[in-house]
Amino acid sequence: MKEEAGVAFQAQVQVFQAWPNDLLICTFPKLGTTWLSEIVDMIYHDGNVEKCKWNAVFNQVPFLEMNDPNMPNGGSHVILLAKTPSLHLVKTHLPVQLLPVSFWDQDCKVIYVARNPKDVATSSSYFYQMAKMHPDPSTMEEFLQNSTAGKVAYRSWYAHVKDCWEKRQEKRLLYLFYEDMKHVRKIAQFLGKEVAEGMAAKIVHHTSFQEMRKNPADNYKTLPSWMMDHSLLPFLRKGIAGDWKKHFMVTQNKRFNKHYEEQVEGSDLCFHMEI
Ligand code: A3P
């Protein structure tokens, strides 16, 4: 019964009807989705901090494939979006091949964020501890094995980042890296919005790790603790590139590098493992 409901919901996602000026934020989990969502929301609100604080970022930018009746906004975000006949800012973790076709048919703009896989694995293993919808990540060793084998939510990081990289030439798609997220004017330009230098600086400040961490609209602390247990770890945990170095053992790093080389072979997609 639960499985049938899941299949029906997936079908509902697939027939989602996008509008031509909708914006889709597409990422693999833990690549900086919330950060980008807040930046985009700020750009669309012309840098008005109060308007952005008015509602949680996960309401401002609904999660396409979210269907949890326990969520504060009551379950299916597809239904929520369909009821909002205006510009949609939408977030998804679906791989590019599984996006509802209407996003492509309507020629919607898409922003993709990528982040190096070592930081993604580190961030995910900590997130799996505090976000109770995920299984216990066990040890870092076990989590790394599962993550390189694609046995995590949304499966393979490699396929996700590479497939979208290939699409960037033929679609209205901005491919960003976590390290470049402070380039607010580049993002605004892609969205067709004029952002003066002063405004860009204001947005960078408001969306900095420190500011977002204390902002209840961004830090997910409004969710009940049985969903995200902030007494274990905060959602905005470290917010840097290269944190993996504190968590990978030498042997794990060697094994990860080997797997990484095999997976990205032949692709011109290149990641910085640290700044
Ligand atoms: P860490 O766990 O490495 O700290 P997502 O929103 O896709 O789930 O990604 C969460 C990751 O993005 C977390 O990484 C989080 O701290 C980081 N993040 C969120 N907002 C950020 C910001 N303003 N600056 C830098 N990193 C940020």
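The structure presented is a predicted model; accordingly, all values stated were derived computationally and were not measured. In what follows, every heavy atom counts, from backbone to side chain, and hydrogens, waters and symmetry copies are set aside. Order of appearance sets the numbers: ligands from 1, and atoms from 1 within every ligand.
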For ligand 1, find out whether one of its N or O atoms is nearer than 3.5 Å to an N or O atom of M212.
no

Measure from the side-chain N and O atoms of H206 to the backbone N and O of K202, and report whether any donor-acceptor pair falls under 3.5 Å.
no

Taking only heavy atoms of S208 into account, list the atoms of ligand 1 that are under 4.0 Å away from them.
23 (N)

The test is side chain to side chain donor-acceptor pair (under 3.5 Å); show your working for Q106 and D22 and say whether it passes.
CA-CA 9 Å; Q106 300 283 13; D22 286 353; over 6 Å; no

Ranked by distance from atom 7 (O) of ligand 1, the top protein heavy atom is T33 OG1, 2.4 Å

For atom 19 (C) of ligand 1, closest protein heavy-atom neighbour:
L236 CD2, 3.6 Å

How long is the straight-line distance from CD of Q263 back to CG of L269, given to the nearest 0.5 Å?
12.5 Å

If the plane angle is over 60° it's perpendicular, under 30° parallel, otherwise tilted; pick one for F127 and F235.
perpendicular

Polar contacts were defined as any N/O atom of the residue lying under 3.5 Å from an N/O atom of the ligand; does this apply to L31 and ligand 1?
yes

shortest atom 6 (O) of ligand 1-to-protein heavy-atom contact is with T34 OG1, 2.6 Å

Hey, does T207 come in under 3.5 Å of ligand 1, counting only N/O atoms on both sides?
yes

Checking R168, H160, K171, K167 against Y112 for side-chain hydrogen bond (donor to acceptor under 3.5 Å, both in side chains), the one that qualifies is H160

Aromatic centroids of Y158 and H259 separated by under 6.0 Å:
yes

What part of D243 sits under 4.0 Å from ligand 1 if we count only heavy atoms: the side chain, the backbone, both or neither?
neither

At less than 4.0 angstrom from any non-hydrogen atom of S123, what atoms of ligand 1 do you find?
1 (P), 2 (O), 3 (O), 13 (C), 14 (O)

Checking the side chain of H77 only, and the main-chain atoms of F63 only, is there a donor and an acceptor separated by less than 3.5 Å?
yes

Applying a strict 4.0 Å limit to heavy atoms, is Y178 in contact with ligand 1?
yes

Give me the residue, atom name and distance of the protein heavy atom closest to atom 12 (O) of ligand 1.
G32 CA, 3.9 Å

Y126 and ligand 1 - part of the residue with a heavy-atom distance under 4.0 Å
neither

Would the F177 and H272 ring centres measure less than 6.0 Å apart?
no

Tell me, please: is F127 in heavy-atom contact with ligand 1, that is, under 4.0 Å?
no

Please check: side-chain N/O of D46 versus main-chain N/O of N48, any donor-acceptor pairing under 3.5 Å?
no

For ligand 1, which is the ligand I care about here, please tell me if R237 has any N or O atom under 3.5 Å from one of the ligand's N or O atoms.
yes

Does ligand 1 have a heavy atom under 4.0 Å from the side chain of T122, from its backbone, from both, or from neither?
neither

Using heavy-atom distances, let me know which of R115, K238, K30 sits nearest atom 3 (O) of ligand 1.
R115

Flag yes if more than 12 heavy atoms outside E170 fall under 6.0 Å of its CD atom; otherwise flag no.
yes

